[in-house]
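I have placed the structure first, in the form of structure tokens, so that the comments after it can refer back to it.
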Amino acid sequence: MSPRPAGAPPAEIANISVDSWTEPFWVAAREHKLVCARCASCGTFRMPPTPFCPNCNSQDTEWPELSGRATVYSFTIVRHPVTPELAANVPYVIGLVDLDDAPGARMFTNIVDCDPDTVYVGQPVQVVWDDVADGVTMPRFTPLTS
Ligand code: ZN
């Protein structure tokens, strides 16, 4: 496992829920590949993955691999720990990012490996992989520098 990114929440609170609709996402994440559910009938991306396409109601889903580039749509800086487990982690950034090559798909994440006060709306970011625990890898995003 790689070192965890600075600003990632503690492993103790990483709790993922996997079902047949989300499993391809988590399997790819373990291989450090960012994928997004896309309707195989009409091409509409959806994040989080849902059983039915919100555009055409099809259940045919494909999982293209994305570049990992995204743009900060919104964010908040958490400065006060809401639980005792987070006391050593504040401040940290919770972000909502638009996935650049999956139009319409947004993902909640953490913006990591940066000074929280430098994050801004519209900021280009890139996925980094957080191997939280054995078999659990979370996508986080860090500011793109080039
Ligand atoms: Zn569709």
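Counting starts at 1 for both ligands and their atoms, in listed order. Only heavy atoms go into these numbers, but all of them, side chains included; no hydrogens, no water, no symmetry mates.
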Could you please tell me which protein N, O or S atoms lie under 2.8 Å from the Zn ion (ligand 1)?
Cys39 SG, Cys42 SG, Cys53 SG, Cys56 SG
Please list all pairs passing the ring pair (Phe, Tyr, Trp, His ring centres under 6.0 Å) test where one or both residues lie in residues 31-64, with sequence neighbours left out.
His32-Trp129
Restricting to pairs with a member in residues 71-103, which pass ring pair (Phe, Tyr, Trp, His ring centres under 6.0 Å), not counting sequence neighbours?
none
Distance alone, cut at 3.5 Å: any donor-acceptor contact between the side chains of Arg106 and Ser74?
no
Rounded to the nearest 0.5 Å, how far apart are CZ of Arg140 and CG of Asp130?
4.5 Å
Carboxylate-amine/guanidinium contact Arg69 Asp98, below 4.0 Å:
no
So, using side-chain hydrogen bond (donor to acceptor under 3.5 Å, both in side chains) as the criterion, who are the partners of Thr44 when residues are at least two apart?
none
